[in-house]
*Asks:* 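Quick one: this structure, given as structure tokens, is what I'll be asking you about.
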Amino acid sequence: MDFVLDPSSAPHGVPPIDFRAQLNDEQFHAVTAEPGPLLVLAGAGSGKTRTLTYRVAYLLSQGVRPSEILLLTFTNKAAKEMLHRVQELTGVEPGRFWGGTFHSIGHRSLRTHGDTIGLPRTFTILDADEAEGVLREAVEGADKGFFKDKTHPRPGPLHEMISMARNTQLPTAEVITRFFPQHEGVIDRVPAFAKKYAEKKREANVVDYDDLLEFWLELLKKSPETAEYFAHRFRHVLVDEYQDTNTLQSQIVDLIGSHHRVMAVGDDAQCIYTWRGANVENILTFPDRHPGTQLHRIETNYRSTPQILALANGVLLAQPKGRAFEKELRPARANSEKPYFVQAMDGREQAQFIVQRIRGLVDEGCSLSDIGILYRAHFQALDIQLELSRLQIPYQITSGVRFFEQAHIRDLVALLRFVYNPTDTAAWQRIAVLLPKVGEKNAQKLHAAALDHARLMQQNFIDALDTDDVKSKVPKDAKEEWPKFAASLRQVADMMRTMKPHNAVEIAIDGWYGDYLKGAYANYVSRLDDLKSMIGFAGRYEDMQELLAQIMLLNSETSDRSADPDADALRLTTVHQAKGLEYAAVFLIGLADGSFPLRRAIEAGDVEEERRLFYVAVTRARDELYLCFPKVNTKGGPAMLQTPSRFLSELPSDLYQPLRMKRSYGW
């Protein structure tokens, strides 16, 4: 079909739209492009959603029927918002399109055509907990004792490992080595578990979330008639956030879009979800897989000042040549101040500076909710949370719970509380139930047995845990683990008596709980970073009583869980969770090599994704950007000097201005 732009035409009752007047030049050329393979590189803040929405409206205005358009997104919310905007523009109801997430469209396709690959149409979908339950049964059927070893992945992390291999279509061994190195010891066993898991699902006629993509791709590959049907039906395929597609999703798009009338909209510089399976190669090689691709760059940025964009462009220029699409964000706003580079002595001084500057911003009329504090990893926000809590400045964490409310931090604190005060039954309950098959009642019985023995023998309570009187009450599944559990608590107790609080914290992390953590969480490495930051925090206190008291006071001060998302409160978030958001002022903290980029990313050779994260971070700011570098790191214990992030060092120094801190934290 050849398109002829005629704003006065209105097929299917679509009202006339003056596309020329409502779009800038870049958007207009992308929206009205001839049908064929289109790759739209939409820079940060450039109107990506507007471009996609108007493309749908344009297709309708040219006589394309709604049922001939397939819109693929990564969230149902995104699809609904876009189709709602289309309805406002054209009057065409969202229900007339096939629009939604890859998984929802996959589900719809399998309901209609799944029997072609032997999948009965009556299949049901497992939720995450149910899928883990089926996997647990499959593993225990093959190896009854697998989950008894606490260093082995629990069903949740094991499911994530298998899921990653399926979505990336990489060998399981490669996935484990790259993303889950703590489980290299079980590499040879996981493929068999995955096979058993698949068999169990087939027997029960159930599918999990990943099956919706895997079976959809299988359907398209094994049934050329079905693939041809989809390609004929969906004459236009539009994909949002294309840089976030994984291998399965990219192949699905290529097969459904075999006619090459695919519009892929995204930004390779914002591909930051490799750890979820996203593959930046999908967008980089799109023109190779779709010959004749028209490349459209949408680079006019309506969000940020020219000075912030100059710095963002500096980040893009530092990318290796040939490994990214060239682009340059162009400002639509007037000149303002350059971003500020702020050197602080350590995390505490960094936090004090931020609080002082935030007060200034509020005095200047900025609302707290329009100020974002961004960080690469959760533990890096500990000092700022402490300072905000101390001064009772309201804040919300949009990337999870507050530092001391995280499950693994609460576990560690409970362990310390119990060792310090063995009659603290609430703390005992929290850590004891982490043992296999130990529920609340068993935990109570074990505590009572240890207390009775300690009183009778006039013995220390912690020592009593390793006696026959207590061990006889331990459930069968926990008997193997109990000696190390008891020994670890005794080591922590010894440290509390003879050393400083930070020594006790370090021993607690290195002992039984560290092993538990390894099997309990897929993101073990980042949680371990959180725990290690507690060593530095504990180093500020001379005795355990003071440390525990301060933690509990902080928790009580910040325990309001009914925070209104619209409340005027500061926003604290990881950079990952900040994607798609914007703030009048952004404080990007912890800009030291080893913190941003993370040391493990440097060691693994993943610096390019870290650089893309840095680009995403700086483009969240509209008016003011503060790049904060603490010169000393105390996270894991002794103070260590740091060097500024390589992402700062590789930028021309005239792209930012130093902001000198004084002892009074003025400037």
*Asks:* If you take all heavy atoms of Glu610 and Pro597, which pair is closest and at what distance?
*Replies:*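 Heavy atoms only, the tightest pair is OE1-CA, 3.2 Å.
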*Asks:* Are any side-chain N or O atoms of Tyr375 and backbone N or O atoms of Thr573, one a donor and one an acceptor, separated by less than 3.5 Å?
*Replies:*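 Confirmed, Tyr375 side chain pairs with Thr573 backbone.
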*Asks:* Could you grab the distance from atom CD1 of Ile162 to atom CD1 of Ile176, nearest 0.5 Å is fine?
*Replies:*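 It is 8.5 Å, given to the nearest 0.5 Å.
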*Asks:* Any Lys/Arg nitrogen of Arg303 or Asp623 sitting under 4.0 Å from an Asp/Glu carboxylate oxygen of the other?
*Replies:*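 Result for this pair is no, no salt bridge flagged.
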*Asks:* With a 3.5 Å cut-off and no angle check, do the side chains of Tyr54 and Gln27 form a donor-acceptor pair?
*Replies:*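 No, no side-chain donor-acceptor pair sits under 3.5 Å.
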*Asks:* If you round to the nearest 0.5 Å, how far is CD of Glu299 from OG of Ser46?
*Replies:*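 These two atoms lie 8.5 Å from each other.
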*Asks:* Check side-chain contact (heavy atoms from CB on, under 4.5 Å) between Thr274 and all other residues, then give those that pass, not counting sequence neighbours.
*Replies:*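 Partners of Thr274 under the side-chain contact (heavy atoms from CB on, under 4.5 Å) test: Arg178, Phe179, Glu609, Arg612.
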*Asks:* Can you tell which of Phe215, Trp216, Tyr229 makes a ring pair (Phe, Tyr, Trp, His ring centres under 6.0 Å) with His113?
*Replies:*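 Output: one option passes, namely Tyr229.
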*Asks:* Roughly how far, to the nearest 0.5 Å, is the OG1 atom of Thr168 from the CD atom of Glu174?
*Replies:*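 Interatomic distance, Glu174 CD to Thr168 OG1, rounded to 0.5 Å: 7.5 Å.
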*Asks:* Determine whether a donor-acceptor pair (N or O, by modelled atom type, separation under 3.5 Å) exists between the side chain of Thr285 and the backbone of Asp288.
*Replies:*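 Flag not set: sc Thr285 to bb Asp288 has no pair under 3.5 Å.
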*Asks:* Just by modelled atom types, is the Val616 backbone N or O under 3.5 Å from a matching donor or acceptor in the Arg620 side chain?
*Replies:*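 Such a contact is found between Arg620 side chain and Val616 backbone.
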*Asks:* Is it the case that the ring center of Tyr197 lies less than 6.0 angstrom away from the ring center of His159?
*Replies:*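 Centroid separation for His159 and Tyr197: below 6.0 Å.
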*Asks:* Could you report the tightest heavy-atom contact between Arg111 and Thr122, atom names first, then the distance?
*Replies:*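 Closest heavy-atom pair between Arg111 and Thr122: NH1-C, 3.8 Å.
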*Asks:* Under a 4.0 Å N-O cut-off, is there an ion pair linking Glu281 with Arg323?
*Replies:*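 Salt bridge between Glu281 and Arg323, a charged N being under 4.0 Å from a carboxylate O: yes.
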*Asks:* Give me the atom names and distance for the closest heavy-atom approach of Phe403 to Ile397.
*Replies:*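 Heavy-atom minimum between the residues: N-CD1, 4.4 Å.
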*Asks:* Looking at residues at least two apart in the chain, or sitting in another chain, which of them share a side-chain contact (heavy atoms from CB on, under 4.5 Å) with Glu93?
*Replies:*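 With sequence neighbours excluded, Glu93 shows a side-chain contact (heavy atoms from CB on, under 4.5 Å) to Gln87, Arg96, given in chain and number order.
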*Asks:* Counting heavy atoms not belonging to Glu326, are there more than 12 under 6.0 Å from its CD?
*Replies:*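 No, not enclosed.
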*Asks:* Please determine whether the number of non-hydrogen atoms from other residues, nucleotides or ligands lying under 6.0 Å from atom NZ of Lys196 exceeds 12.
*Replies:*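 Count not over threshold, so no.
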*Asks:* Please determine which of Thr172, Asp208, Asn246, Thr247 meets the side-chain hydrogen bond (donor to acceptor under 3.5 Å, both in side chains) test together with Arg166.
*Replies:*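 Of the listed residues Thr172, Asp208, Asn246, Thr247, the side-chain hydrogen bond (donor to acceptor under 3.5 Å, both in side chains) partner of Arg166 is Asp208.
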*Asks:* Do Glu241 and Gln243 pair up side chain to side chain, a donor and an acceptor below 3.5 Å, judged on atom types alone?
*Replies:*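 Yes, a side-chain donor-acceptor pair sits under 3.5 Å.
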*Asks:* Is the side chain of Arg289 donor-acceptor paired with the backbone N or O of Asn282 at a distance under 3.5 Å, no angle test?
*Replies:*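 Yes; judged by distance alone, with no hydrogens or angles, the pair exists.
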*Asks:* Run through Asp115, Leu119, Thr226, Thr112 and flag the one making a side chain to side chain contact (heavy atoms under 4.5 Å, CB included) with Leu219.
*Replies:*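 Single side chain to side chain contact (heavy atoms under 4.5 Å, CB included) partner of Leu219 among Asp115, Leu119, Thr226, Thr112: Thr226.
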*Asks:* Which atoms form the tightest heavy-atom contact between Leu213 and Phe102, and what is the distance?
*Replies:*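 Heavy-atom minimum between the residues: CD2-CB, 3.8 Å.
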*Asks:* Kindly say whether Ile272 contributes a backbone atom to a donor-acceptor pair with the side chain of His576 at under 3.5 angstrom?
*Replies:*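 A pair under 3.5 Å: yes.
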*Asks:* Supply the atom-to-atom distance Thr90 OG1 to Leu60 CG, rounded to the nearest 0.5 angstrom.
*Replies:*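 One gets 5.0 Å once the value is rounded to the nearest 0.5 Å.
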*Asks:* Using ring centroids (six-membered ring only for Trp), state whether His259 and Phe234 fall under 6.0 Å.
*Replies:*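 So the answer is no for these two rings.
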*Asks:* Can any side-chain N or O of Ser61 pair as donor or acceptor with the backbone N or O of Tyr58 at less than 3.5 Å?
*Replies:*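 Such a contact is found between Ser61 side chain and Tyr58 backbone.
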*Asks:* Would you compute the distance between atom CD of Glu214 and atom OH of Tyr209 and round it to the nearest 0.5 angstrom?
*Replies:*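 That separation rounds to 14.5 Å.
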*Asks:* If you compare all heavy atoms of Leu309 against all heavy atoms of Ser304, which two are closest, and at what distance to 0.1 Å?
*Replies:*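 Minimum heavy-atom separation between Leu309 and Ser304: CD2-CB, 3.7 Å.
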*Asks:* Can you tell which of Asn313, Ile298, Asp268 makes a side chain to side chain contact (heavy atoms under 4.5 Å, CB included) with Lys327?
*Replies:*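 Exactly one pass, corresponding to Asp268.
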*Asks:* Go through the structure and list residues passing side-chain contact (heavy atoms from CB on, under 4.5 Å) with Ser526, not counting sequence neighbours.
*Replies:*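 Once residues adjacent in sequence are excluded, the partners of Ser526 under the side-chain contact (heavy atoms from CB on, under 4.5 Å) criterion are Asn523, Arg600.
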*Asks:* At what distance, to the nearest 0.5 angstrom, does CD of Gln380 lie from CG of Asp530?
*Replies:*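 Rounded to the nearest 0.5 Å, the CD-CG separation comes out at 9.5 Å.
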*Asks:* Does any N or O in the side chain of Arg376 come within less than 3.5 Å of the main-chain N or O of Leu613, such that one atom is a donor and the other an acceptor?
*Replies:*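 Judged by distance alone, no pair lies under 3.5 Å.
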*Asks:* Mark yes or no for whether Asn301, through its side chain, and Pro331, through its backbone, hold a donor-acceptor pair below 3.5 Å.
*Replies:*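 Judged by distance alone, no pair lies under 3.5 Å.
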*Asks:* Could you report the tightest heavy-atom contact between Val175 and Ala165, atom names first, then the distance?
*Replies:*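 Nearest heavy atoms, Val175 then Ala165: CG2-CA, 3.7 Å.
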*Asks:* With the threshold set at 4.0 Å, does a side-chain nitrogen-carboxylate oxygen contact exist between Glu199 and Arg202?
*Replies:*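 No salt bridge links Glu199 with Arg202.
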*Asks:* Do His378 and Asp529 get their side chains close enough for a donor-acceptor pair, meaning under 3.5 Å?
*Replies:*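 Asp529 and His378 do not have a side-chain donor-acceptor pair below 3.5 Å.
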